[in-house]
Amino acid sequence: MADTQVLQNVLRDDQRLPRVPEPGVMVIFGASGDLTSRKLVPALYDLAAQRRLPLEFAVVGVSRTEMSHDEFRARLRKGLEEQRSGEVSDDVWESFAGGIFYMPGDSKKAETYDELKDFLKRLDGERGTQGNRAFYLSSSPSLFPAIVERLGEAGMNEGEEGGWSRLVVEKPFGRDLGSARELNSEIRRYFEEAQIYRIDHYLGKETVQNILALRFANGIFEPLWNQHYVDHVQITVAEDIGVGTRGAFYEEAGALRDIVQNHVMQVLCLTAMEPPVAFDAESVREEKVKVLKAVRAIPEDDVEGYAVRGQYERGWVWGEEVEGYREEGDVDPESTTETFVALKVFVDNWRWAGVPFYIRAGKRLPKKATEVAIQFHSSPHTPFAHDDTQGLEPNVLVVRVQPEEGLSLKIGAKVPGSGFEVSSVNMDLLYGTAFLEEAPDAYQRLLLDLFLGDPTLFIRADEAEGAWRILDPVMHHWSESRDVPFYAAGTWGPKEADALLERDGRVWRRP
Amino acid sequence: MIGESREAPGGGAMSVAQVERELGKLRTNEDGTLALRSSVLNLIVVTDEESAPEVTDSVSKLAGRYPARAIVFIADPDGERNVEVGLSAFCNIRGGGGAQVCAEQVTIHAEGPPATHLESFAGPLLIPDLPVFLWYPGEFSPRSPEFAAMAELADRVILDSAAAGNGEGCLREIAALLEDPATPAIGDLQWVGLSPWRSLLADTFGSPERAGELEKIERVEVLYAPGGENRALLLTGWLASTLGWKAEGASRDEETRRIEYSGPSGTIDVELSAGSPDARLRRIRLYSEGQSFQVSRHRELSDVRTTVMRGDELLAERTVHLGSFDLGVLVGEELGYRGHDEAYERALAAAVEILDL
């Protein structure tokens, strides 16, 4: 191979043709788990069927369960059918499945890695995967350090014969600042930061990326996007569902770790960050980290002044009476785990000095909604007769991420008739009505980026740590108290959350 | 997505203001609320009576993906002087919010002298500040003053070099048109239909060793069906212009066209055969000294199989979806692209070179 001249594939050098990654193999640890059959393999299948994967591509599943290659393939096919009923082509599946393999093994044992290394080398020869490997950690987080260590010891932290090696880490990235640092330093004993892809599928969503498009592709919003014009910002990530079958997981996590540390902090960063120089990994992530660094530490002796937690009780959601959190399966009947979080944070920099960001996230709220609402200052003086402007409220620009992605701007307009009555009108744009193209699934987007070697939409170590740093005092304070306010399922959280804003003379908006 | 077609009664000749007013009325829902208008572009279509139903159907399908104000001309310059305007809107509801969104279509039947000045209708009806696409689904006369006046309004002209009987002549005319720097960007539906084929061919040379084989290509075979000749020519033109081949000579008999190229490492023989009973493109095979690279379409399904062989040994194989070649899909691809398509322009020049040999 040494004397083979490596040439560029000029046929691909065309801006109208999609970018296709180099040959490679994805190794999934914890491959018998749900994520592999529900998300990863369907996303890879779709990419393959749509001609977005290279011809030389393979998937190797590793987990303890004893299975043959064919049993593994059959299991994945079943999972795929469930996700894409009636849309799976036999020929395309057969062709894709020919590149799927399974290796039973204990991911804590060194022998597993010797065997894996040999197997991957064989694949390089048989399927032309070129020594390029992406290792996907989809196992229990407690196994992450062991897997990384064994990979490193087996020399698989580097690609084979000039190929590359990348490591994908699923959230949670630790349980708090200390454990996140520990995990990061364990991983970095063997892998360079540039090789590590921490995945938060939230960032793969088109709708989340659209926050950046709105801010930085439009000249008219950015001049207003600062403390001169903005009174405050409200970020809402609401779910109407309960914990369902994830009781055991949720007992360990709670809303702060499950949603706030990752999804909500990402939305905060995208909303508050400075314009990056370029849309590349380092420029974008650098700006996000600056936001996290600028967030004022929540004082340990006044956590209640900045953070509220809550837990849902029995209540009504969309015409149905639903159980309280403590009645859900695998949940301690005296649990103090929070299912709702409200926070007030300040981003202490030139742009945002003095502007509060109110954040709330929770389960069993009245509806599923993710949005960022920028409330502007009221007009400094109204020239209209005082009584007629009663209905006039400050302008609010709402960036809706879900359910219906779009933008709305509340503006004051004259009510037709004599006199000068002014009333608020919503100007609404649904992005979906302008671009009806099916948005790719978040995992599809991120897996493609992984193989193309673009980590822009993945989390850097200091981002994960920065988010934990903000939340650490809150977690610490809550862990010492068993006093959790309750809210009825189907309402917008406990009254303490309302009080958090009322103290500042503000109210939560209704998404 | 729930869709609903709404049409305005009346017709006949209308003023610009009347058209705008009536379109506004079409967006009014039964309960008096006004549906939104979402537009990302203007689409002008010039067609004839016969093709109008198919074209209108494609336009309404496109409204889902690229909501536009569509201005469809059904023109007959030889008829008796007459103008009739028809208005319709395609409104749909998306998501749980129930907001209605409408894409508008103005259909203008123009006969006699007005049919030679369609730009005088199109100009005033365009939505400001949005790009203008001009689509000729059928025959077009690039040299006519009518075409030039319409093209002047457009940011991009979408043509189908195989729509008229004389495909070769069409390629020549487009190439000549592109020589004029004033011509807007041009898209050719025959070229758009090649995109998946080009991408799949590029994939077969994705690994570094195989990329090296590109320099050693000795023979190319393209199998197509009657009607697919322009695709075969453009595909050959693309390979030649991308790989730096120089045309040396050509010959043809009833079904087969043979072209001889000189390339970086010797002669390349290309054979284009119209021997496929169906599918405009059926198969393409490239041979290097020791390997062959094939992309071939499944007979019944829209799946396509790629193989790389060394002699009888199968080195790599894959089956994927080829994608849809529906008229609306092809035009949609063009609407998503802005600016000159340099790869197309180079491939076209190389294809015309074959014709000139």
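Below, read A as the first sequence line, B as the second, and so on, with proteins coming before strands; counting in each chain starts at 1. The shown structure was predicted, so the numbers you read here are calculated from the model rather than taken from an experiment. Side chains included, hydrogens not; waters and symmetry mates left out as well; all remaining heavy atoms used.
At a 4.5 Å heavy-atom cutoff, the contact between A:L55 and chain B is made by backbone and side-chain atoms alike. For a residue to count as touching a neighbouring chain, one of its non-hydrogen atoms must lie under 4.5 Å from one of that chain's; by this rule A:P54 touches chain B with the backbone only. If you measure heavy-atom distances from B:D203 to chain A, the contacts under 4.5 Å come from both the backbone and the side chain. Both the backbone and the side chain of A:D91 come within contact range of chain B, judged by heavy atoms closer than 4.5 Å. A:A49 touches chain B through backbone and side chain together, each having a heavy atom under 4.5 Å away. Looking at A:V10, the atoms closer than 4.5 Å to chain B (heavy atoms on both sides) sit in the backbone and in the side chain alike. For a residue to count as touching a neighbouring chain, one of its non-hydrogen atoms must lie under 4.5 Å from one of that chain's; by this rule B:R305 does not touch chain A. The contact between B:Y337 and chain A is made entirely by side chain atoms (from C-beta outward), counting heavy-atom distances below 4.5 Å. Heavy atoms closer than 4.5 Å to chain B are found nowhere in A:E94, neither backbone nor side chain. In this structure, the portion of A:E56 lying under 4.5 Å from any heavy atom of chain B is its side chain and not its backbone.
Here the NZ-CD distance, from A:K363 to A:E239, works out to 3.5 Å after rounding to the nearest 0.5 Å. Atom CG of B:L189 and atom CG of B:L330 lie 5.5 Å apart (nearest 0.5 Å).
A cation-pi arrangement is found for A:R73 relative to A:F101, the charged atom lying closer than 6.0 Å to the ring centre and inside a 45° cone about the ring normal. Taking the ring axis of B:Y344 as reference, the NZ or CZ atom of B:R156 does not stay both within 45° of it and closer than 6.0 Å to the ring centre.
Residue A:D46 is tested with A:Q83, A:R52, A:R84 for a side-chain hydrogen bond (donor to acceptor under 3.5 Å, both in side chains); the sole match is A:R84.
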One pair to check against side-chain contact (heavy atoms from CB on, under 4.5 Å): A:F57 and A:F451. What are the steps and the verdict? CA-CA 10 Å; A:F57 185 79; A:F451 279 92; 3.6 Å; yes
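With salt bridges taken as basic N to acidic carboxylate O contacts below 4.0 Å, one links A:D124 and A:R133.
Heavy-atom pairs under 4.5 Å with chain B were tallied for A:E22, A:R16, A:R12, A:R51; the largest tally goes to A:R16. Each of B:V308, B:T319, B:L200, B:V320 has some count of heavy-atom pairs under 4.5 Å with chain A, and the biggest count is that of B:T319. Contacts with chain A were tallied for B:G332, B:S195, B:P196; B:P196 has the most, counting heavy-atom pairs under 4.5 Å. Contacts with chain A were tallied for B:L322, B:L315, B:L201; B:L322 has the most, counting heavy-atom pairs under 4.5 Å.
The number of heavy atoms from other shown groups lying within 6.0 Å of CD (A:E158) does not exceed 12. No more than 12 heavy atoms of other residues, nucleotides or ligands shown are found within 6.0 angstrom of CD on B:E342.
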